[in-house]
**Student:** 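Please find one structure pasted underneath; my questions will follow.
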There are 2 protein chains.
Amino acid sequence: MATQLDQITQNLRELVLEGAYEPGAAVREVAVAEKLGVSRTLTRLAMAALEQDGLLLREPNRGFRVRSFTLDEVADAIEVRGELEALAARQAAERGLAPALAAQLRAILAEAEAVAQEGFKELSNRSRWIDLNCAFHSGIVEGSANKALPPALDHICRVPLAGPRAIVFNRTVPDQGIAQLQAAHDDHVQILDAILNRQGQRAAALIREHAYRSGRNKRANFDALQQTAVWPALPGVALVRRAGNE
Amino acid sequence: MATQLDQITQNLRELVLEGAYEPGAAVREVAVAEKLGVSRTLTRLAMAALEQDGLLLREPNRGFRVRSFTLDEVADAIEVRGELEALAARQAAERGLAPALAAQLRAILAEAEAVAQEGFKELSNRSRWIDLNCAFHSGIVEGSANKALPPALDHICRVPLAGPRAIVFNRTVPDQGIAQLQAAHDDHVQILDAILNRQGQRAAALIREHAYRSGRNKRANFDALQQTAVWPALPGVALVRRAGNE
DNA sequence: CCGACAGTAATTGCATGCAAAATTATCCCA
DNA sequence: TGGGATAATTTTGCATGCAATTACTGTCGG
């Protein structure tokens, strides 16, 4: 392990994301320290890190509380992500993809196609699909060669359900779920095509629309998403509220 | 003071930004603790916060080092900021500005006009101009009503020279400097006009261009900027390198 | 003269302890 | 019985201390 702090921070992050503490409720230092088996000092460090993540809110002399997110905030975050990825796609198109990266992205899409053929009944296929989705999106970012984009995207993807890992495998209405995934894949194909043809504006518009639809789907699927046990579980879904305060 | 930690963090942030520690050099806990007159624990907390800011880099078991930025990274960050503000402008236009906010933005531009008339010989005028610039930009963001934008912009503006406070009053070539400021002001007028007329795409394009030019100006003025004592001082300029490693 | 090694100093990682602030409980009095 | 002041408890804020890791320096062998 790099250092204990990193480990502890990650543990606490997962605890919070899986809803171990009620959103809005106080997170006591001693409780966390005992649960994680470390000292209060280390706990405090980890909580400070999670405050920067936006998962915890600190109130002076009153400690930390779990933050909750509204569906609107999630949608806003997705829109921001779309805009950042649109910049990435545009710059990738303008500057041109390195041949190796282009090949890699093509391979990702080819494998995604294969996975989709097999369907999503298997957990392994769903996991693989998620990984491929993430790989594609970060590949675009890499292609932009913009050094400020990765941290900016990391930051925005910390709001629950906003990142490319947050894919909803809707099993209550399977056909609809599959159709959405297929549509997303088709988007990817078009986006890569635009980038390879150096069509910056087209790529940007496509990826913006891609993000927009993703946000709409998440909003539409939200109820099913919280009720049914979808798997792999979406981290942070426990922190999202339909609407309301803070 | 809210708590000592916030104070200490801000003090250390200013120290780092003004170049008190050589970029790339180690920042020792004890040295900082003594300089700030607090314990190592508190110092460590503050340094962790500055790591999240991106100002310090942590290496396990080796402590923190001051990060340095290249001009390219600054330019990338400005491009990202431009894209985020373009989203803000577009959404503000689409959703419509609240009348009070519209009036406020008009007032800001009117006062900026008045300040420009007086010229920038006075420090107070330069400071005021910076404040008005910031107010205009955050007004657009407020008008977007996008809850994910403020934190995203805060984050990107932490890279030195990337934020709207980082205005270069070029005094080596005064006429050129004034011309740039005037051009920026004209941009603002056009942007507000586009938003008020609900021209989302136009507003977005204008603000994108606005950011792009801002980045170009900073690059062009960089040498003058580091050599001459411009005032108000630009925080973090000491951390920017023309090019190179890390 | 150069490189490996050992011992020492310096520095970070983490836990514990004490003081201050906030929260909760208790008691007194109207 | 209810309201408010006050005392007790809990909880956070911060400092100090010890262990572990890393960096330094001088020495020895080749």
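Treat the numbers as computed from the prediction; the structure is a model and nothing was measured. Chain letters run A, B, ... following the sequence lines, proteins first, then strands; residues in each count from 1.
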**Student:** For A:R28 and for B:R28, find the nucleotide of DNA chain C with the closest heavy atom, then tell me which residue's nucleotide is more 5'.
**Tutor:** B:R28
**Student:** Please state how far atom CG in B:L42 lies from atom C1' in D:dG17, giving the value in whole angstrom units.
**Tutor:** 17 Å
**Student:** To the side chain of B:S39, which of C:dC14, D:dA15, D:dT12 is closest?
**Tutor:** D:dA15
**Student:** Return a single string for nucleotides 18-23 of chain C, one symbol per nucleotide in 5' to 3' order, where B is base contact, S is sugar-phosphate-only contact and - is none, cutoff 4.0 angstrom on heavy atoms.
**Tutor:** ---SSS
**Student:** Between A:G63 and A:T41, which residue's closest nucleotide on DNA chain D lies nearer the 5′ terminus?
**Tutor:** A:G63
**Student:** With sequence neighbours excluded, give me every salt bridge (charged side-chain N to carboxylate O under 4.0 Å, His left out) pair touching residues 147-156 of chain A.
**Tutor:** none
**Student:** Please report, rounded to the nearest Å, how far the P atom of C:dC14 is from the CG atom of A:D6.
**Tutor:** 8 Å
**Student:** Report the distance from atom CG of A:L5 to atom P of C:dA15, rounded to the nearest whole Å.
**Tutor:** 11 Å
**Student:** Hey, are the side chains of B:L153 and B:R81 touching, using non-hydrogen atoms and a 4.5 Å cut-off?
**Tutor:** yes
**Student:** Under a 4.0 Å threshold between the charged nitrogen and the carboxylate oxygen, would A:E122 count as salt-bridged to A:R128?
**Tutor:** no
**Student:** So if I take every side-chain heavy atom of B:V38 and compare against D:dA15, D:dT12, D:dC14, which nucleotide ends up nearest?
**Tutor:** D:dA15
**Student:** Please report, rounded to the nearest Å, how far the P atom of D:dT22 is from the CD atom of B:E59.
**Tutor:** 12 Å
**Student:** Rounding to a whole Å, what distance do you find between A:E34:CD and D:dT11:P?
**Tutor:** 10 Å
**Student:** Return no unless some side-chain N or O of A:Q4 is found under 4.0 Å from OP1 or OP2 of C:dC14.
**Tutor:** yes
**Student:** Any donor-acceptor pair, under 3.5 Å, between the side chain of A:T3 and the base of C:dT12, if you only look at N and O atoms?
**Tutor:** no
**Student:** Does D:dG13 have its OP1 or OP2 closer than 4.0 Å to a side-chain nitrogen or oxygen of A:R44?
**Tutor:** yes
**Student:** Between D:dG17 atom P and B:E29 atom CD, what is the distance in whole Å?
**Tutor:** 16 Å
**Student:** What's the CG-P distance between A:L45 and C:dA15, to the nearest Å?
**Tutor:** 10 Å
**Student:** Does any non-hydrogen side-chain atom of B:E83 lie less than 4.5 Å from one of A:Q91?
**Tutor:** no
**Student:** Quickly work out the B:L57 CG to C:dT12 C1' distance and round it to whole Å.
**Tutor:** 17 Å
**Student:** Can you sort out the partners of A:R219 under salt bridge (charged side-chain N to carboxylate O under 4.0 Å, His left out), two or more places apart, ordered by chain and number?
**Tutor:** A:D72
**Student:** Does the side chain to side chain contact (heavy atoms under 4.5 Å, CB included) test come out yes or no for A:T3 and B:R58, once each step is laid out?
**Tutor:** CA-CA 11 Å; A:T3 135; B:R58 189 167 77 86; 3.5 Å; yes
**Student:** Using 4.0 Å as the upper bound for N to carboxylate O, is an ion pair formed by A:E73 and A:R67?
**Tutor:** yes
